*Asks:* 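Below is the structure I would like to discuss, written out as structure tokens.
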Amino acid sequence: MVELFYMPAFEWLIFLLSSFITLAAIYYKLSIVRLQQITALLIVILLFILNRYVFSRSRQTLTLWPRLVLLLFSSLIIQLIVLSTGGFFSPFLILFYLYFLGISFLLDLQASISFLIFSVIVLIANIWLSRDLFALFRDDPFSFILYLISFMVIIPLAQFLNRSYHIKDMLSQMLSEHLYQGKLREKSILQGLNELVLVTDKNLKILSVNQAVEEIVGLLSTDIIGRKFLDTLTLQYKDGTKATMGNLSMDQMLVDKTARIINGF
């Protein structure tokens, strides 16, 4: 299993570095074509990392540096896509919200807020340094204000979703632990019995046995589990008739769903 992220001391530095690179691209006025070429190259590198550590059959554990590179490239790709398609007025601005929500789940809310703050700084700098975008901002400043409000609104939304997710995860862990403890108690009770106890499915395929079965039959549980009950234990009536699914009344027991004692074996 691959653990993607856990870097409480580094994530905000990664987002700062990503924003600094994006600001440098704005300052040096890289063309949209060049920004798109850089973005495409970063996507190829990101896919290579994902294929090696996440999607491949022989998954490797993500060490610190691959995690940092993965986080850096993913945030940089998001910022460059939005930057090269209009900044605050980009149709891909929603990627910021989606990435923010994803980071809040994979890392924590503080890390996602740092990404959001640095990204807003990048967008404001893009408006300030671009004449065309500054003209759009001057003609319609209310859109800019609405975008800022939307960035602030998504923070409590992410906090609520994150808290609900963790509550559900905690309840799931508690239920799993309760079921596990119940299985342990049931197993300890069955293991203490001197009688043979075999648990089978409706086709009499053995699912589990207690210690008495191993001692009396002379086989290990690993050799017994998965085999047919009647192939493992030879049962017969006192008149010599062998036990079958029919004379054990298995079909009727499945219908009645009741315990039944069958004498004469």
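Note that this is a predicted model, so its numbers are computed, not measured. Reckoned from all heavy atoms, side chains included, excluding hydrogens, waters and symmetry mates.
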*Asks:* Can you give me the closest heavy-atom contact between Ile206 and Thr200, atom names plus distance?
*Replies:* CA-CG2, 4.1 Å
*Asks:* Enter the distance from Ile43:CD1 to Leu80:CG here, rounded to the nearest 0.5 Å.
*Replies:* 9.5 Å
*Asks:* Quick check for you: to the nearest 0.5 Å, what is the distance between Ile45 atom CD1 and Leu70 atom CG?
*Replies:* 12.0 Å
*Asks:* Using residues 89-99 as the side-chain source, report each donor-acceptor pair under 3.5 Å to any protein atom, sequence neighbours left out, with the distance given to one decimal.
*Replies:*
| from | atom 1 | to | atom 2 | distance (Å) |
| --- | --- | --- | --- | --- |
| Ser90 | OG | Thr85 | OG1 | 2.4 |
| Ser90 | OG | Phe92 | N | 3.0 |
| Tyr97 | OH | Ser150 | OG | 2.5 |
| Tyr99 | OH | Ser74 | OG | 2.7 |
| Tyr99 | OH | Ser75 | N | 3.3 |

*Asks:* Mind checking the CG-CD1 spacing from Leu23 to Ile26? Nearest 0.5 Å is all I need.
*Replies:* 5.0 Å
*Asks:* Could you grab the distance from atom CG of Leu72 to atom CG of Leu13, nearest 0.5 Å is fine?
*Replies:* 11.5 Å
*Asks:* Other members of the hydrophobic cluster containing Tyr28, with the 4.5 Å side-chain heavy-atom rule, please.
*Replies:* Tyr27
*Asks:* Taking the side chain from Ser18 and the backbone from Phe15, do they hold a donor-acceptor pair closer than 3.5 Å?
*Replies:* no
*Asks:* Hey, is NZ on Lys228 packed in by over 12 heavy atoms from elsewhere, all under 6.0 Å?
*Replies:* yes
*Asks:* side-chain contact (heavy atoms from CB on, under 4.5 Å) for Leu83 and Thr22? Distances and angles first, verdict last.
*Replies:* CA-CA 8 Å; Leu83 176 67; Thr22 309; 3.6 Å; yes
*Asks:* How close do Leu109 and Ile155 get, heavy atom to heavy atom, and via which atoms?
*Replies:* CD1-O, 4.3 Å
*Asks:* To the nearest 0.5 Å, how far apart are CG in Leu76 and CD1 in Ile21?
*Replies:* 5.0 Å
*Asks:* Honestly curious: do Val82 and Ile32 fall in one hydrophobic cluster under the side-chain, below-4.5 Å linking rule?
*Replies:* no
*Asks:* Looking at every heavy atom in both Glu11 and Ala111, which two are closest together, and how far apart are they?
*Replies:* CG-CB, 3.4 Å
*Asks:* Nearest 0.5 Å, please: how far is CD in Gln36 from CG in Leu30?
*Replies:* 12.0 Å
*Asks:* Start with the C-alpha distance between Leu46 and Leu42, add both sets of side-chain angles, then the distance that settles side-chain contact (heavy atoms from CB on, under 4.5 Å), and finish with yes or no.
*Replies:* CA-CA 6 Å; Leu46 184 63; Leu42 293 176; over 6 Å; no
*Asks:* Going by atom type alone, with no hydrogens or angles, which donor-acceptor pairs under 3.5 Å involve a side-chain atom of residues 115-129 and a protein atom two or more places apart or on another chain?
*Replies:*
| from | atom 1 | to | atom 2 | distance (Å) |
| --- | --- | --- | --- | --- |
| Ser119 | OG | Gln79 | NE2 | 3.1 |
| Ser119 | OG | Phe115 | O | 2.8 |

